[in-house]
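Residue numbering restarts at 1 for every chain, and letters A, B, ... go by the order of the sequence lines.
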Amino acid sequence: QKEVEQDPGPLSVPEGAIVSLNCTYSNSAFQYFMWYRQYSRKGPELLMYTYSSGNKEDGRFTAQVDKSSKYISLFIRDSQPSDSATYLCAMSDAAGNKLTFGGGTRVLVKP
Amino acid sequence: ETGVTQSPTHLIKTRGQQVTLRCSSQSGHNTVSWYQQALGQGPQFIFQYYREEENGRGNFPPRFSGLQFPNYSSELNVNALELDDSALYLCASSLVAIPGEQYFGPGTRLTVT
């Protein structure tokens, strides 16, 4: 079993809809939680960075962390075709030197 | 602010050969990490360098080695290339004082034939 599980998708939504993404994990030592966006054949781009449990909002993006359930989420409001990409969740322990990634969810926003 | 840069962009090597990939960290960052991303998968941690020393290593064999230079740039060396080494190699830079917040470069796509 992988340390971080993420549904590979693809997740197809109409433009303007809310995109809901999530990851589950098994390692209770994880304390830092990140979401990255990766376009085809490009490097991952950091979208959200969260420490411990709680919510964080940045523009159209909201990240939620529930450490008791070992479950994290990313919501994208008012989705645009330019949001079409693979979204990767990543986590690290207190040392923060090693990121453990999920396999990524491919998202397609249709005009 | 200069982002993370990597060279070369693409590389084709033959099984058994050796390869060196290069990375320049983001301005102000003192830590460099390397990841391997196979097609359709999430990145896998290879190792991290801080103050020119290895600061953590993933489940990769010793033929994967690295260096960090005083200007915080870094190299990834892979000896005795195998077909399964074909992947996107990603470099990420960060500040050791901000755990987990890593910024990635565009990657080097390595093909081993």
Side-chain angles (χ1 to χ4, degrees), chain A residues 1-10 21-25 27 29-52 56 58 63 65 67 72 74 85-107, chain B residues 3-7 9-10 21 23-26 29-51 53-60 66 68 87-111:
Chain A
Q1 186 182 2
K2 294 181 179 179
E3 276 190 291
V4 180
E5 298 279 359
Q6 187 174 6
D7 189 322
L21 303 165
N22 58 75
C23 290
T24 58
Y25 63 95
N27 188 343
F30 289 147
Q31 294 195 31
Y32 297 92
F33 304 90
M34 282 67 67
W35 284 95
Y36 286 85
R37 177 175 64 194
Q38 186 173 29
Y39 293 112
S40 181
R41 297 183 172 270
K42 303 291 185 183
E45 173 192 6
L46 180 62
L47 292 175
M48 300 290 283
Y49 171 81
T50 309
Y51 171 67
S52 195
K56 185 174 183 179
D58 184 0
V65 174
K67 290 187 69 178
I72 71 170
L74 177 71
T86 296
Y87 290 80
L88 296 155
C89 63
M91 312 178 184
S92 75
D93 60 17
N97 56 347
K98 169 188 173 182
L99 297 186
T100 301
F101 282 83
T105 299
R106 194 158 68 90
V107 171
Chain B
V4 179
T5 60
Q6 293 185 243
S7 62
T9 305
H10 299 94
L21 310 182
C23 170
S24 291
S25 61
Q26 183 169 314
H29 285 180
N30 54 16
T31 301
V32 175
S33 306
W34 286 91
Y35 292 80
Q36 180 196 66
Q37 186 177 23
L39 199 60
Q41 298 183 25
Q44 298 289 316
F45 176 71
I46 302 175
F47 43 57
Q48 183 184 78
Y49 278 83
Y50 170 60
R51 289 185 174 177
E53 300 222 347
E54 193 176 281
N55 182 41
R57 187 180 182 93
N59 295 325
F60 281 81
Q68 186 185 31
L88 182 67
Y89 287 85
L90 296 162
C91 168
S93 75
S94 57
L95 284 169
V96 73
I98 307 179
E101 189 177 274
Q102 298 185 11
Y103 294 87
F104 284 83
T108 293
R109 184 159 298 281
L110 173 65
T111 302

Which one, B/Gly42, B/Pro43, B/Ser33, B/Gly107, leads in non-hydrogen pairs under 4.5 Å with chain A? B/Pro43
Interchain contact, [X] with chain A, by part (heavy-atom threshold 4.5 Å):
X: B/Gln44; value: neither
X: B/Ile46; value: neither
X: B/Gln48; value: side chain
X: B/Arg109; value: side chain
X: B/Tyr35; value: side chain

What part of [X] is in contact with chain B, defined as an atom under 4.5 angstrom from a non-hydrogen atom: side chain, backbone, both or neither?
X: A/Leu99; value: both
X: A/Arg41; value: both
X: A/Gln6; value: neither
X: A/Lys98; value: both
X: A/Phe33; value: neither
X: A/Ala90; value: neither

So do the side chains of B/Gln102 and B/Leu90 get within less than 4.5 Å of each other, counting heavy atoms only? no
Which atom names give the shortest non-hydrogen contact between [X] and [Y], and what distance separates them?
X: A/Glu3; Y: A/Phe30; answer: OE2-CZ, 3.9 Å
X: A/Tyr36; Y: A/Pro44; answer: CD2-CB, 3.7 Å
X: A/Leu74; Y: A/Leu47; answer: CD2-CD1, 4.4 Å

Whether the side chain of [X] engages the backbone of [Y] through a donor-acceptor N/O pair (distance < 3.5 Å, no angle test) should be reported.
X: B/Gln68; Y: B/Glu54; result: no
X: A/Thr105; Y: A/Gly9; result: no
X: B/Gln6; Y: B/Cys91; result: yes
X: B/Ser93; Y: B/Gln26; result: yes
X: A/Lys2; Y: A/Gly102; result: no

Among A/Gly103, A/Gly104, A/Ser92, which residue forms the greatest number of heavy-atom pairs with chain B at distances under 4.5 Å?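 Counting heavy-atom pairs under 4.5 Å, the top option is A/Gly103.
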